[in-house]
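The first residue of the sequence shown is numbered 1, and numbering continues consecutively from there. Bear in mind that the values here come from a model prediction, so they are computed numbers and not experimental data. Numbering of ligands and ligand atoms starts at 1, following listing order.
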Amino acid sequence: MNGIYDDPWAYELACSFRDVPAEAGVLLRWCAEHRPESAGPVRTVLELAAGPAEHARELARRGLTATALDLNPAMCAYAAAEARRAGVALEVVQDDMTRFDLGRRFDLVVTMLDSTSHLMTLDAFVAHLRRVAAHLSPGGLYIVEMSHPRDRLGDDPSVSTGWTVERDGVQATVRWGEPTDRLDPVTQIADDHVTVTIDGDRVIRDVVPYRFWTATELDAAIRLAGGLGVAGRYGDFGAGADTVPLTDPGAWRMITVLRPV
Ligand SMILES: C[S@@+](CC[C@H](N)C(=O)[O-])C[C@H]1O[C@@H](n2cnc3c(N)ncnc32)[C@H](O)[C@@H]1O
């Protein structure tokens with residue numbers, strides 16, 4: 001059975017609720033805020049567990065030298081093909097975000113949309129952060145977007161979300177997690193049942209294992225990994241006057257900016 005990550009076009013359609021150019025703009029704004037002036041402008045970016053690599057492609061369009069890395073061959077092929085179609089240069093690497101060794105460093109490394117929920121153990125998260133630290137240039141930043149811990153630990157925890165999107169006249173109705181899905185209280189892993197219905201008739205069903213990470217576990221992983229420290233924390237992709245602190249009641253993402261220490 002093919003899963004949702006084996007159908008990158010459908011995955012990208014399902015995630016098209018995001019404003020990728022706006023998010024890419026905020027990533028660059030945070031770089032301007034958190035990188036030392038001596039580091040100069042951001043020239044190189046590495047997107048990890050990139051899937052269709054929408055952010056890497058957008059940053060490439062803005063003139064950065066961009067690399068995208070993902071484990072799934074279908075995602076890698078799709079990202080490369082979409083970059084070619086758009087006329088932007090994108091290097092695509094099929095590899096594991098806990099083991100990669102590209103032999104060079106980047107001004108910016110990003111992991112978007114909770115892809116770190118595919119790191120199932122603390123050891124895996126620490127290995128991931130050590131690989132990131134080894135790929136950051138002096139003054140480089142790692143920006144990691146995760147789901148907000150309130151999703152699972154709030155007064156009204158939710159295991160399921162649903163939304164509908166439309167792009168280029170094609171509609172997708174998405175259910176990510178069902179009310180019957182349960183987070184194992186010991187492993188903090190849930191098997192999220194995913195259903196994507198395209199134009200009312202084509203249905204993709206999948207079960208995607210999801211590891212829930214708290215903010216304090218992330219801090220512990222950062223400390224264990226060594227080499228990285230927290231430069232900033234945000235609850236959404238607002239910047240400047242629209243900045244959303246992680247603790248804000250309206251925060252719905254956990255975005256952490258890390259820098260080499
Ligand atoms: C939820 S998708 C997110 C894709 C992308 N970050 C985005 O913003 O759309 C998760 C991606 O992580 C990839 N992935 C899962 N485990 C991985 C690993 N160990 N190393 C690299 N990629 C991985 C999957 O193949 C999938 O493309």
Side-chain angles (χ1 to χ4, degrees), residues 2-24 26-27 45-60 66-83 90-102 108-132 134-135 142-147 151 161 163 165 167 172 174-177 189-196 204 206-213 221 236-237 252-256:
N2 276 356
I4 184 63
Y5 296 160
D6 301 313
D7 194 333
W9 174 85
Y11 169 83
E12 189 179 284
L13 173 65
C15 293
S16 61
F17 60 87
R18 293 183 290 182
D19 185 342
V20 172
E23 292 182 1
V26 175
L27 291 174
V45 61
L46 168 64
E47 181 174 0
L48 296 172
E54 288 185 88
H55 294 76
R57 282 190 268 139
E58 173 60 24
L59 291 166
T67 302
L69 180 148
D70 198 279
L71 202 51
N72 183 306
M75 284 292 191
C76 290
Y78 180 85
E82 284 301 293
L90 177 72
E91 179 194 24
V92 180
V93 180
Q94 187 189 339
D95 211 335
D96 189 317
M97 65 174 145
T98 65
R99 294 169 197 264
F100 64 102
D101 182 1
L102 304 182
L108 173 64
V109 178
V110 298
T111 303
M112 309 300 296
L113 201 62
D114 216 9
S115 290
T116 50
S117 68
H118 294 304
L119 300 170
M120 295 295 160
T121 64
L122 185 60
D123 283 347
F125 212 128
V126 168
H128 165 70
L129 290 172
R130 287 187 175 147
R131 290 291 76 218
V132 170
H135 286 79
Y142 178 38
I143 304 181
V144 54
E145 177 196 8
M146 302 165 78
S147 62
D151 285 0
T161 48
W163 65 91
V165 286
R167 199 176 65 168
V174 183
R175 291 200 56 79
W176 204 286
I189 294 171
D191 285 332
D192 281 344
H193 286 74
V194 175
T195 310
V196 180
I204 301 163
D206 198 1
V207 180
V208 180
Y210 166 95
R211 160 71 199 246
F212 166 61
W213 291 99
D236 200 352
F237 282 96
W252 76 292
R253 312 304 294 162
M254 177 165 73
I255 304 167
T256 308

Worksheet item: Do L71 and Y5 pass the side-chain contact (heavy atoms from CB on, under 4.5 Å) test, and can you show the C-alpha distance, the side-chain angles, and the key distance before you say yes or no?
Response: CA-CA 10 Å; L71 202 51; Y5 296 160; over 6 Å; no

Practice prompt. Enter the distance from D96:CG to L48:CG here, rounded to the nearest 0.5 Å.
Written response: 10.5 Å

Discussion item. Side chain or backbone, does L71 bring an N or O within less than 3.5 Å of an N or O on ligand 1?
Written reply: yes

Practice prompt. Distance to 0.1 Å, residue and atom name: give those for the protein heavy atom nearest to atom 1 (C) of ligand 1.
Written response: Y5 OH, 3.0 Å

Worksheet item: Any non-hydrogen atom of C15 lying under 4.0 Å from ligand 1?
Response: no

Discussion item. Is D96 close enough to touch ligand 1? Criterion: a residue heavy atom under 4.0 Å from a ligand atom.
Written reply: yes

Worksheet entry | Distance filter under 4.0 Å to M112 heavy atoms, resulting ligand 1 atoms | 6 (N), 8 (O)

Response to the item:
for atom 5 (C) of ligand 1, nearest protein heavy atom and its distance come out as A50 O, 3.2 Å

Worksheet entry | Distance (rounded to the nearest 0.5 Å) between M146 CE and F212 CZ | 9.0 Å

Worksheet item: Is there side-chain contact between L27 and M112, with at least one heavy-atom pair below 4.5 Å?
Response: yes

Worksheet item: Would you say ligand 1 has an N or O under 3.5 Å from any N or O of T98?
Response: no

Worksheet item: For ligand 1, is there an N or O atom under 3.5 Å from any N or O atom of H55?
Response: no

Practice prompt. Considering the heavy atoms of G51, write down every atom of ligand 1 situated less than 4.0 Å from one of them.
Written response: 4 (C), 27 (O)

Worksheet item: Which bit of R18 is near ligand 1, meaning a heavy atom under 4.0 Å away: side chain, backbone, both or neither?
Response: side chain

Response to the item:
Nearest non-hydrogen protein atom to atom 2 (S) of ligand 1, with distance, is Y11 OH, 3.3 Å

Practice prompt. Over all heavy atoms of both residues, which pair between L119 and A124 is shortest? Give the atoms and the distance, please.
Written response: CD2-O, 4.1 Å

Worksheet item: Is it true that the side chains of D123 and T121 contain a donor and an acceptor less than 3.5 Å apart?
Response: no

Discussion item. If we set the cut-off at 4.0 Å for heavy atoms, which region of A53 has an atom near ligand 1: side chain, backbone, both, or neither?
Written reply: neither

Item to complete: Indicate, as side chain, backbone, both or neither, the part of D95 found under 4.0 angstrom from ligand 1 when only non-hydrogen atoms are considered.
Response: backbone

Discussion item. Please find the pair of heavy atoms, one from P52 and one from R57, that lie closest to each other, and give the distance.
Written reply: O-NH2, 2.9 Å

Worksheet item: Between A49 and ligand 1, does any nitrogen or oxygen pair lie at a separation below 3.5 Å?
Response: yes

Worksheet item: Can you tell me how far CD of E23 sits from CG of D236, rounded to the nearest 0.5 angstrom?
Response: 8.0 Å

Worksheet item: Relative to ligand 1, is M97 under 4.0 angstrom through side chain, backbone, both or neither, heavy atoms considered?
Response: both

Fill in: Sub-4.0 Å atoms of ligand 1 with respect to non-hydrogen atoms of L113
8 (O)

Worksheet entry | Protein heavy-atom partner closest to atom 27 (O) of ligand 1 - residue, atom, separation in Å | D70 OD2, 2.8 Å

Discussion item. Any heavy atom of F100 closer to ligand 1 than 4.0 angstrom?
Written reply: no

Worksheet item: For ligand 1, is any non-hydrogen atom under 4.0 Å from H118's backbone (N, CA, C, O), its side chain (CB onward), both, or neither?
Response: side chain

Fill in: Closest protein heavy atom to atom 10 (C) of ligand 1, given as residue, atom name and distance to 0.1 Å
S115 OG, 3.4 Å

Worksheet entry | Per-atom contacts of ligand 1 with M75, taking only distances under 4.0 Å to non-hydrogen atoms | 27 (O)

Item to complete: Search all heavy atoms of A60 against all heavy atoms of A66 and return the closest pair with its distance.
Response: CB-CB, 3.8 Å

Practice prompt. Could you tell me whether the side chain of D70 and the main chain of M75 form a donor-acceptor pair under 3.5 Å?
Written response: no

Discussion item. So which atom in L90 and which in A53 form the shortest heavy-atom distance, rounded to 0.1 Å?
Written reply: CD2-CB, 4.2 Å

Discussion item. Looking at every non-hydrogen atom in both residues, tell me the closest pair between M254 and W213 and how far apart they are.
Written reply: CE-O, 4.1 Å

Worksheet item: Above 12 or not: heavy atoms from other molecules or residues under 6.0 Å from CZ of R99?
Response: no

